[in-house]
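Some notes on the structure that comes next.
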Amino acid sequence: MFLVDVGMVFGPIIGYIDQYYTVKKTHSSQGFSLAICGILLFSNIIRIFFWTLEHFNYALLFQAIVMSLMQIILLNICLKYSNNNEFDESHFYSFNLFYVFNKKYWKKFWNWSSFNAYMVILTWLCIIIFLLNVMFLNNKTYANTLGALALGIEATLGIPQLLKIREQRSSEGFSKTLLLTWVLGDAFKTGYYLLNNSPFQFLYCGFFQLFIDFLIILQCIHYWNINTTPTYNISGETEQEQEQPFINNESSD
């Protein structure tokens, strides 16, 4: 059981490690949606606070901590190599909790160019949930709501990538190793939740994530087939066939 728990804690981050090196190798994070980092950071931070109210399996708590750290590292490298023109122009470079009172800060939510801007909102998240936990420490309804919120956010994990691939009509830049770990990891953890009688919020999250995973797989296959299908000109020749004689003529000259 110990090895299963270790796999539960560290297994989910394998794909994100590969995505990290994909971004670092290509010097671009264009094919990866930063919303994934946001979803995992928000959901896992809330899950950590949920544990203080309902002490579920320790492995799930450590998984949330490890995943949060991994997403902070991945977010940092993605910002370093991002060429996203949608980023804000106000550049909230320093760490200042009062950014949340600035309209420009919210105008481009989760599209800031500064790493510190992301840390500000995550700090506020921790402060607010901590205060709520103190206020509703013995409230079962609040605890269930917090757990449902954490797992509900996590359940949407694949949706931003689903939309990203659809938008650029290609899965280029998105780690296929990450997708594989999503499928295997979601299948594993759903079974783990069932065997360990985890709170119902975990089960709903697991099944929904598996559904989104398979939609992404179908989407990747669809665009791979489109992008690898040769295009033909009027005479019926592929573009590659048409260009080859031109290259040969140049070399003969």
Heavy atoms only: give me the nearest [X]-[Y] pair and the separation to one decimal.
X    : Y    : answer
P12  : G7   : CD-O, 3.7 Å
V23  : S29  : CG1-CB, 4.0 Å
C220 : L179 : SG-CD2, 4.1 Å
A59  : V9   : O-CG2, 3.4 Å
S33  : P160 : OG-CB, 3.4 Å
A187 : L210 : N-CD2, 3.6 Å

Derivation of the side-chain contact (heavy atoms from CB on, under 4.5 Å) call for I48 and I129: CA-CA 10 Å; I48 293 169; I129 298 179; over 6 Å; no

With heavy-atom distances below 4.5 Å as the criterion, would you say the side chains of [X] and [Y] are in contact?
X    : Y    : answer
K103 : K107 : no
L122 : C126 : no
W112 : F115 : no
T177 : T22  : no
V134 : L131 : no
L41  : W110 : yes
F42  : I121 : yes
I13  : I17  : yes

Contacts of F95 that satisfy side-chain contact (heavy atoms from CB on, under 4.5 Å) - sequence neighbours left out: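 Scan of F95 (side-chain contact (heavy atoms from CB on, under 4.5 Å), adjacent residues dropped) gives L97, N116, M119, V120, T123.
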
Residue list, side-chain contact (heavy atoms from CB on, under 4.5 Å) with I221, at least two apart or on another chain: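 side-chain contact (heavy atoms from CB on, under 4.5 Å) check on I221 returns I217, N225.
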
Trace of the side-chain contact (heavy atoms from CB on, under 4.5 Å) decision for Y118 with L34: CA-CA 11 Å; Y118 294 85; L34 285 184; 4.1 Å; yes

Any donor-acceptor pair under 3.5 Å from [X] side chain to [Y] backbone:
X    : Y    : result
Q161 : I36  : no
K164 : Q30  : yes
N133 : F49  : yes
N44  : L40  : yes
Q209 : D186 : no
Y16  : L178 : no

Parallel, tilted or perpendicular: rings of W51 and H55 (30°, 60°):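 Plane angle over 60°, so perpendicular.
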
Linked, directly or transitively: [X] and [Y] (ILVMFWY side chains, under 4.5 Å):
X    : Y    : value
F188 : I14  : no
F207 : L195 : no
M135 : F130 : yes
W124 : F98  : yes

Pairwise ring pair (Phe, Tyr, Trp, His ring centres under 6.0 Å) hits with a residue in residues 135-167, at least two apart: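 Matches after skipping sequence neighbours: F136-Y142.
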
Pairs touching residues 148-175 that satisfy ring pair (Phe, Tyr, Trp, His ring centres under 6.0 Å), sequence neighbours left out: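 Every pair satisfying ring pair (Phe, Tyr, Trp, His ring centres under 6.0 Å) with a residue in residues 148-175: F174-W182.
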
Verdict with reasoning, F62 to F10, per ring pair (Phe, Tyr, Trp, His ring centres under 6.0 Å): CA-CA 9 Å; F62 292 137; F10 295 102; 9.3 Å; no

Heavy-atom neighbours of F109 CZ exceed 12 at 6.0 Å: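 Enclosed.
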
Hey, what do you get for [atom1] ([X]) to [atom2] ([Y]), rounding to the nearest 0.5 Å?
X    : Y    : atom1 : atom2 : result
L75  : F32  : CG    : CZ    : 9.0 Å
D18  : K176 : CG    : NZ    : 10.0 Å
I39  : I153 : CD1   : CD1   : 8.5 Å
C78  : K24  : SG    : NZ    : 13.0 Å
F101 : W106 : CZ    : CH2   : 9.5 Å
C37  : I77  : SG    : CD1   : 11.5 Å

Donor + acceptor pair across side chains of Y99, S94 (<3.5 Å):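 A pair is found: one side chain offers a donor N or O, the other an acceptor, under 3.5 Å apart.
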
Shared-cluster residues of L180, by chain and number - hydrophobic side chains joined below 4.5 Å: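 Listed partners: L184.
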
Sequence neighbours excluded, every pair satisfying salt bridge (Lys or Arg N to Asp or Glu O under 4.0 Å) that has a member inside residues 38-57: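 Checked against salt bridge (Lys or Arg N to Asp or Glu O under 4.0 Å) - neighbours excluded - the pairs reaching residues 38-57 are R47-E154, E54-K140.
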
Worked check of side-chain contact (heavy atoms from CB on, under 4.5 Å) between N57 and L60: CA-CA 6 Å; N57 193 291; L60 298 179; 4.2 Å; yes

